[in-house]
Chemist: 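Got a structure for you, written out below as structure tokens; questions coming shortly.
Counting starts at 1 for both ligands and their atoms, in listed order.
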Amino acid sequence: MRIAIFGPPGAGKGTQARLIAARFGIPHIGTGDMLRAAVRSGSELGKTVKDVMESGRLVSDELIGEVVASRLAEADAAAGFLLDGFPRTARQVEILDEALAELGVDLDRVVVLEVPEEVVLARMVGRSQLGDEGRFRADDREDVIRERLRVHQEQTAPVAAIYGTRGLVTVVDGSGSIEAVFERISESLQEIAR
Ligand code: AMP
């Protein structure tokens with residue numbers, strides 16, 4: 001099962017992605033998580049992306065494209081994967097197409113989580129005060145949250161439209177409890193589960 005999950009920042013995408021990956025036994029490839037780990041480790045990649053991430057803007061397509069392409073080529077992704085946070089721009093869609101073509105596989109489905117903007121803002125401001133799973137995120141300040149939502153609208157929402165024209169999109173209502181959303185997503189993926 002090769003899937004990608006889309007949704008605005010604060011839609012609960014990361015949480016759902018981890019649950020879905022565990023249920024279907026596929027690796028969770030979260031680009032935000034990978035980049036945050038790189039920043040924490042102080043690697044060259046981390047140093048390159050730190051400032052851009054903290055501003056709420058996107059790191060370059062070519063850079064993140066390389067990170068994802070090499071991750072997809074790892075053995076544990078051969079039988080399937082869940083992409084979370086990638087692709088986020090039209091150029092990243094092309095980069096992903098090329099990487100998948102090289103591996104001789106295709107995306108099976110793109111899950112789009114839909115959550116009203118006021119809900120997203122309220123959840124994210126709450127997360128920045130409480131800390132997400134105890135971890136502080138430098139990009140969770142309210143001004144940065146607004147910037148991330150703006151970037152999402154401008155660059156990422158059109159990416160879902162590209163997959164829509166390919167007939168790959170399933171829209172899932174992302175409101176309600178974590179469990180309720182998880183059930184909706186799992187159900188929408190039943191037919192392609194193998
Ligand atoms: P996320 O946790 O997915 O919201 O990602 C956090 C930050 O990492 C984003 O605001 C970007 O700065 C960077 N990032 C993650 N994924 C990508 C991507 N596919 N393209 C560009 N930047 C990304």
Side-chain angles (χ1 to χ4, degrees), residues 2-21 27-72 77 81-100 107 110-115 117 119-121 123-128 130-163 174 178:
R2 297 178 181 87
I3 54 182
I5 185 164
F6 282 51
K13 188 166 50 73
T15 304
Q16 295 297 336
R18 276 177 218 106
L19 292 170
I20 296 292
H28 167 220
I29 302 180
T31 48
D33 290 344
M34 291 167 83
L35 294 178
R36 279 186 290 278
V39 170
R40 275 199 302 276
S41 77
S43 66
E44 279 312 307
L45 172 66
K47 284 182 202 149
T48 309
V49 301
K50 185 171 188 287
D51 291 346
V52 178
M53 285 184 76
E54 289 184 359
S55 73
R57 284 173 290 120
L58 296 181
V59 310
S60 88
D61 291 331
E62 307 306 320
L63 184 63
I64 194 71
E66 259 173 49
V67 169
V68 173
S70 56
R71 181 67 187 86
L72 289 176
F81 53 78
L82 188 164
L83 283 172
D84 161 19
F86 184 93
R88 257 175 153 101
T89 65
R91 174 65 190 135
Q92 291 180 18
V93 173
E94 291 175 0
I95 293 173
L96 178 61
D97 285 344
E98 285 161 22
L100 294 179
L107 273 189
V110 172
V111 174
V112 174
L113 275 184
E114 269 196 353
V115 187
E117 185 163 330
V119 175
V120 161
L121 250 180
R123 280 190 194 167
M124 292 183 80
V125 173
R127 177 167 77 184
S128 76
L130 298 170
D132 182 17
E133 293 154 15
R135 277 177 285 121
F136 172 71
R137 278 184 61 164
D139 60 357
D140 265 354
R141 294 196 324 268
E142 188 163 348
D143 55 335
V144 181
I145 292 169
R146 288 192 188 277
E147 175 64 7
R148 290 171 66 208
L149 284 171
R150 192 193 63 74
V151 168
H152 174 78
Q153 276 312 324
E154 189 178 293
Q155 292 187 289
T156 310
V159 172
I162 296 175
Y163 287 111
I178 289 173

Chemist: Do the side chains of Arg146 and Asp143 get close enough for a salt bridge, i.e. N-O under 4.0 angstrom?
Modeler: no
Chemist: Give yes if a backbone or side-chain nitrogen or oxygen of Gly85 is under 3.5 Å from a nitrogen or oxygen of ligand 1, and no if not.
Modeler: yes
Chemist: Report, in ascending order of atom number, the atoms of ligand 1 lying under 4.0 Å from any heavy atom of Gln92.
Modeler: 18 (C), 19 (N), 20 (N), 21 (C)
Chemist: If the cut-off is 4.0 Å to any non-hydrogen atom of Leu35, which atoms of ligand 1 fall inside it?
Modeler: 8 (O), 13 (C), 14 (N), 15 (C)
Chemist: Show me which atoms of ligand 1 lie under 4.0 Å from any heavy atom of Arg57.
Modeler: 10 (O), 11 (C), 12 (O)
Chemist: Considering Lys50, Arg88, Glu147, Met34 one by one, which has a heavy atom nearer to atom 1 (P) of ligand 1 than any of the others?
Modeler: Arg88
Chemist: Please work out whether any backbone atom (N, CA, C, O) or any side-chain heavy atom from C-beta onward of Ile64 is under 4.0 Å from ligand 1, and answer side chain, backbone, both or neither.
Modeler: side chain
Chemist: Taking all atoms of both residues into account, what is the closest heavy-atom pair of Val112 and Ala160, and its distance?
Modeler: CG2-CB, 4.0 Å
Chemist: I'd like to check which ligand 1 atoms, numbered from 1 as shown, lie under 4.0 Å from a non-hydrogen atom of Thr31.
Modeler: 15 (C), 16 (N), 17 (C), 19 (N)
Chemist: Could you tell me which non-hydrogen atom of Leu113 sits nearest to which non-hydrogen atom of Gly174, and how far apart they are?
Modeler: CD2-CA, 4.0 Å
Chemist: What pairs of residues pass the salt bridge (Lys or Arg N to Asp or Glu O under 4.0 Å) test when at least one of them lies in residues 149-159, not counting sequence neighbours?
Modeler: Glu147-Arg150, Arg150-Glu154
Chemist: I need the contact type for Val59 against ligand 1. Using non-hydrogen atoms and a strict under-4.0 Å cut-off, is it side chain, backbone, both or neither?
Modeler: both
Chemist: Any non-hydrogen side-chain atom of Leu96 less than 4.5 Å from a side-chain atom of Leu83?
Modeler: yes
Chemist: Heavy-atom distances under 4.0 Å are what count here, so tell me which part of Arg148 touches ligand 1: side chain, backbone, both or neither.
Modeler: side chain
Chemist: Quick check: do Arg88 and Val159 have side-chain heavy atoms less than 4.5 Å from each other?
Modeler: no
Chemist: Cut-off 3.5 Å, no hydrogens considered: what does the side-chain donor-acceptor table look like for residues 57-65, sequence neighbours left out?
Modeler:
unit_1, atom_1, unit_2, atom_2, d
Arg57, NE, Ser55, OG, 3.1
Arg57, NH2, Ser55, OG, 3.1
Ser60, OG, Leu63, N, 3.1
Asp61, OD1, Thr89, OG1, 2.9
Asp61, OD1, Gln92, NE2, 2.9
Asp61, OD2, Thr89, OG1, 3.4
Glu62, OE1, Arg91, NH2, 3.4
Glu62, OE2, Arg91, NE, 3.0

